[in-house]
Each structure stands twice: as structure tokens, then as C-alpha cells.
**Student:** 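The structure follows.
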Amino acid sequence: MLRGSCLCGAVAYTAGVPTGMAIACHCDECRRQSGHHFAAVPVAKRSLRFQRQETLRWYRASDIGKRGFCCACGSTLFWRGDEGAHVHLLMGALDGATGLHLGAHVWVRERGDYYQIGGDLPQFQEGE
Ligand SMILES: [Zn+2]
């Protein structure tokens, strides 16, 4: 089981095991919201349980999905597609050791020009 929380602690959750690969997403949306690229891992929507969520807000970022964040401290926490059974957890908000590893970089064609992608993970120009 995974646990996560925002910077101020007003949002806290648990979630089930990952249902897919953890990715680093370099798309324009993720970079603007997070301040850089972001790292996320999918879990089943139905496995997500909130212990606290008073300050959780969902921003409709596009026609296909919403982005969850804490309106008190600004932590970016979730990406949730309207379709599908998964919600992506932003990995920087996970508590403690996760045992998880990034599997790929996606949307590399929208990467900022101010950094290079190191390491030997697969890189996809768009989604995986
Ligand atoms: Zn917060």
C-alpha cells in the first residue's frame, strides 16, 4: 500500500499497488503545474482512500483530465483522466520508502530546453 500527503498535511491518502509503470512526464502541462517535469505512478481509482481532504481541489487542466492539488500549500498530488480506472499519484508526495522506480520518460518532445534527460531509461516523444 502507498501513502501520500501534501506539504501542509491537510490532504493525506492511501492507495493500492501500482497498476502500471511509473513515469517522468515532461509535457508542458506537467511542467507548468509542478515547476519542472513530474514523476507519477498509476493506481486504481477505487483503491484511493482519503484520511484528510478538506483542502483538496481538482483543476480541469484539459478536455481529458483533472489535476488534484492542495489549495492551502500548493502541493501537486494527482492526475486523473476522465476515462479509465486509474489515477496517477505524484511521486514526490509519497511518504517514506516506496520501493518504486521510474520506468520511462514521456512527452520528451515538450521537455524544457534548460535541462537534459540523463540515465538510460526509455524516452518517448509523446505518451508511452
Ligand atoms: Zn497542503
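All ligand and atom numbering here is 1-based and tracks the order in the structure.
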**Student:** Would F124 and H26 count as a ring pair (Phe, Tyr, Trp, His ring centres under 6.0 Å) if you check the C-alpha gap in whole Å, the side-chain angles of each, and the deciding distance to 0.1 Å?
**Tutor:** CA-CA 10 Å; F124 297 93; H26 299 262; over 10 Å; no
**Student:** If you link ILVMFWY side chains whenever their heavy atoms are less than 4.5 Å apart, which other residues fall into the same cluster as V17? By chain and number, please.
**Tutor:** none
**Student:** Look at the rings of Y13 and F50 and say which category their plane angle falls in: under 30° parallel, 30 to 60° tilted, over 60° perpendicular.
**Tutor:** perpendicular
**Student:** Is any side-chain heavy atom of H37 closer than 4.5 Å to one of Y115?
**Tutor:** yes
**Student:** Kindly check if the number of other-residue, nucleotide or ligand heavy atoms within 6.0 Å of CD (E83) is above 12?
**Tutor:** no
**Student:** Nearest 0.5 Å, please: how far is CD1 in I23 from CG in L121?
**Tutor:** 11.5 Å
**Student:** Which atoms of the protein, restricted to N, O or S, are nearer than 2.8 Å to the Zn ion (ligand 1)?
**Tutor:** C6 SG, C8 SG, C70 SG, C73 SG
